**Student:** 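Okay, handing you the structure first.
Note that the structure is a prediction, hence the values are computed from the model and not measured.
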Amino acid sequence: MGNIVWLASYPKSGNTWLRAFIANLIADRPVPVPLAELPKYGALEADPELYSRVAGRPSIELDFDQLCALRPAVHAAIAEAAPRTVFVKTHSMAGVLEGVPLHTPQVTAGAVYVVRNPLDAAISMAHHFAIGTDEAIDYLGNERSATENSELFVTEFLGSWSQHVKSWADLESPRILVVRYEDLLEKPAKTFSKLARLIGLGNDRKRIERAIRHASFASLAAMERRDGFVEVPIKGKHFFRAGRANQWRDLLTRDQIARLVDRHRVQMARFRYIPAGY
């Protein structure tokens, strides 16, 4: 068994929130861990430097197939560089693409998957990438969706929101923890404690409560306003924008809601996301 625990999610579904909680839980400081220090407590599967190092040339010059072929070597390098368990952020769906596993089994110890209501994820994605809401809805429904290959991150293959959720939630293993974004908001102590137990730090209630406070939306947003955050894709945008559930009630039209429910009904029902009347 390997030593990588994947922190997985569809984009704009709470992944960075998980990373911040884990960093604060491990650090156990009287003040929050700064955003700039999050990389000290984990790795990014889409870090261009890792792919450039393995390829021997800039990752921005590589096409999708070339990046995909490099993944096992990149994952092995992440695992080898870590003396113990390492948490690695990923937005890729689970599975195999072009004959290559998107997450290398030989170096994998487990995973935490956070799922968010696509009605809210579409809104958050539209703001984050400065696209229209209808375009975001189409993106969530596209089975060939993938992120761009840029100087900030290499391409990650997403598939549709439903494909992504099913690929991770269907994995049957005691080493896979699936949590809802909404439960992190509504029942933080109970839900974050599950994550703490997975990494062997679940018996210290005060430590968990402090990590939850330090990784709260208000804390993260305040640090971003003060220090900035390198993972913001568009200058002038805020990474931590709202941090709440059910924005869709005020911001989506009935037609937009219906389009998302019709496209993702099975997985939405699985996680209790279908609104009354749809």
**Student:** May I ask you to list the residues sharing a hydrophobic cluster with V266, side-chain cutoff 4.5 Å, ordered by chain and number?
**Tutor:**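 The other cluster members (ILVMFWY side chains, heavy atoms under 4.5 Å, direct or chained): none.
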**Student:** Are E182 and Y273 linked by a side-chain donor-acceptor pair shorter than 3.5 Å?
**Tutor:**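 Checked: E182/Y273 side chains pair up, N/O donor to acceptor below 3.5 Å.
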**Student:** Is F153 reachable from F64 through a run of I, L, V, M, F, W or Y residues, each pair having side-chain heavy atoms under 4.5 Å apart?
**Tutor:**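 No, separate clusters.
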**Student:** Would you please say whether a donor-acceptor pair under 3.5 Å links the side chains of H264 and S162?
**Tutor:**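 H264 vs S162: donor-acceptor pair found between side chains.
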**Student:** Between H91 and E45, does any side-chain donor sit less than 3.5 Å from a side-chain acceptor?
**Tutor:**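 There is no such pair (donor and acceptor under 3.5 Å, judged by atom type) between the side chains of H91 and E45.
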**Student:** Check this for me, if you would: do E143 and R263 make a salt bridge, where the nitrogen-to-carboxylate-oxygen distance has to be below 4.0 angstrom?
**Tutor:**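 Yes, E143 and R263 are salt-bridged.
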**Student:** Using a distance-only test with no angle check, is there a side-chain donor-acceptor pair under 3.5 angstrom linking N246 and W248?
**Tutor:**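 Yes, W248 and N246 have a side-chain donor paired with an acceptor closer than 3.5 Å.
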**Student:** Out of the candidates R254, R249, Q256, only one should pair with L252 under the side-chain contact (heavy atoms from CB on, under 4.5 Å) rule; please name it.
**Tutor:**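 Checked R254, R249, Q256 against L252; only one passes side-chain contact (heavy atoms from CB on, under 4.5 Å): Q256.
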**Student:** Do you know the tightest heavy-atom contact between V107 and A76?
**Tutor:**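 In terms of heavy atoms, the two residues are closest at CG1-CA, 4.2 Å.
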**Student:** What about V5 and M93, same hydrophobic cluster or not, with Ile/Leu/Val/Met/Phe/Trp/Tyr joined at side-chain heavy-atom distances under 4.5 Å?
**Tutor:**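 No, V5 does not connect to M93 through the hydrophobic network.
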**Student:** Locate the shortest heavy-atom distance separating H103 from T90; write the atom from each residue and the value.
**Tutor:**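 Closest approach of H103 to T90, heavy atoms only: NE2-OG1, 3.0 Å.
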**Student:** Go through the steps for N117 and M268 under the test side-chain contact (heavy atoms from CB on, under 4.5 Å), then give the verdict.
**Tutor:** CA-CA 7 Å; N117 190 336; M268 287 183 73; 4.0 Å; yes
**Student:** Heavy atoms only: give me the nearest T155-A146 pair and the separation to one decimal.
**Tutor:**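 Of all heavy-atom pairs spanning T155 and A146, the closest is CG2-CB, 3.9 Å.
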**Student:** Which heavy-atom pair separates S13 from V114 by the least distance, and what is that distance?
**Tutor:**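 The pair with the smallest heavy-atom distance is O-CG2, 3.4 Å.
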**Student:** Sub-3.5 Å donor-acceptor pair from the side chain of R265 to the main-chain atoms of Y278, do we have one?
**Tutor:**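 Flag set: sc R265 to bb Y278 pair under 3.5 Å.
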**Student:** Please tell me if the side chains of L7 and I22 come closer than 4.5 Å, counting only heavy atoms from C-beta onward.
**Tutor:**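 SC-SC contact between L7 and I22 confirmed.
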**Student:** Exactly one of Y113, F157, Y139 should register a ring pair (Phe, Tyr, Trp, His ring centres under 6.0 Å) with H164. Which one does?
**Tutor:**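 The residue from Y113, F157, Y139 that satisfies ring pair (Phe, Tyr, Trp, His ring centres under 6.0 Å) with H164 turns out to be Y113.
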**Student:** Could you tell me whether the side chain of S150 and the main chain of L152 form a donor-acceptor pair under 3.5 Å?
**Tutor:**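 Yes, the answer is positive, given that a donor and an acceptor are paired below the 3.5 Å cut-off.
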**Student:** For E37, does the CD atom sit with more than 12 other heavy atoms under 6.0 Å from it, leaving out its own atoms?
**Tutor:**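 Yes.
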**Student:** For a quick test of reading the model, state the closest non-hydrogen atom pair linking S59 to N149 and the distance between them.
**Tutor:**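 What the structure gives for the nearest pair is O-ND2, 3.0 Å.
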**Student:** Has N203 got more than 12 heavy atoms of other residues, nucleotides or ligands less than 6.0 Å from its CG?
**Tutor:**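 Atom CG in N203 is not packed in, count stays at 12 or less.
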**Student:** Do L185 and W17 pass the side-chain contact (heavy atoms from CB on, under 4.5 Å) test, and can you show the C-alpha distance, the side-chain angles, and the key distance before you say yes or no?
**Tutor:** CA-CA 11 Å; L185 283 172; W17 189 8; 3.6 Å; yes
**Student:** Answer yes when D134 and R259 have at least one side-chain N-carboxylate O distance shorter than 4.0 Å, and no when they do not.
**Tutor:**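 So D134 pairs with R259 through a salt bridge.
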**Student:** Taking everything shown except E49 itself, do over 12 heavy atoms lie less than 6.0 Å from its CD?
**Tutor:**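 Result for CD/E49: open.
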**Student:** Sub-3.5 Å donor-acceptor pair from the side chain of R207 to the main-chain atoms of I26, do we have one?
**Tutor:**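 It does hold such a pair.
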**Student:** For a quick test of reading the model, state the closest non-hydrogen atom pair linking A94 to L171 and the distance between them.
**Tutor:**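 Shortest heavy-atom separation between A94 and L171 comes out as CB-CD1, 4.2 Å.
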**Student:** Heavy atoms, side chains only, cut-off 4.5 Å: are F87 and I199 in contact?
**Tutor:**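 They are in side-chain contact.
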**Student:** Just to verify, which of D204, D28, N24 counts as forming a side-chain hydrogen bond (donor to acceptor under 3.5 Å, both in side chains) with R210?
**Tutor:**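 With R210 as partner, D204, D28, N24 yield a single side-chain hydrogen bond (donor to acceptor under 3.5 Å, both in side chains), made by D28.
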**Student:** Between F192 and L25, is there a side-chain heavy-atom distance shorter than 4.5 Å?
**Tutor:**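 SC-SC contact between L25 and F192 ruled out.
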**Student:** Tell me if the CD atom of E80 is crowded by more than 12 foreign heavy atoms within 6.0 Å.
**Tutor:**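 It does not: E80 CD has 12 such atoms or fewer within range.
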**Student:** Would you check if the side chain of T147 reaches a backbone N or O of E156 as a donor-acceptor pair within less than 3.5 Å?
**Tutor:**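 A pair under 3.5 Å: yes.
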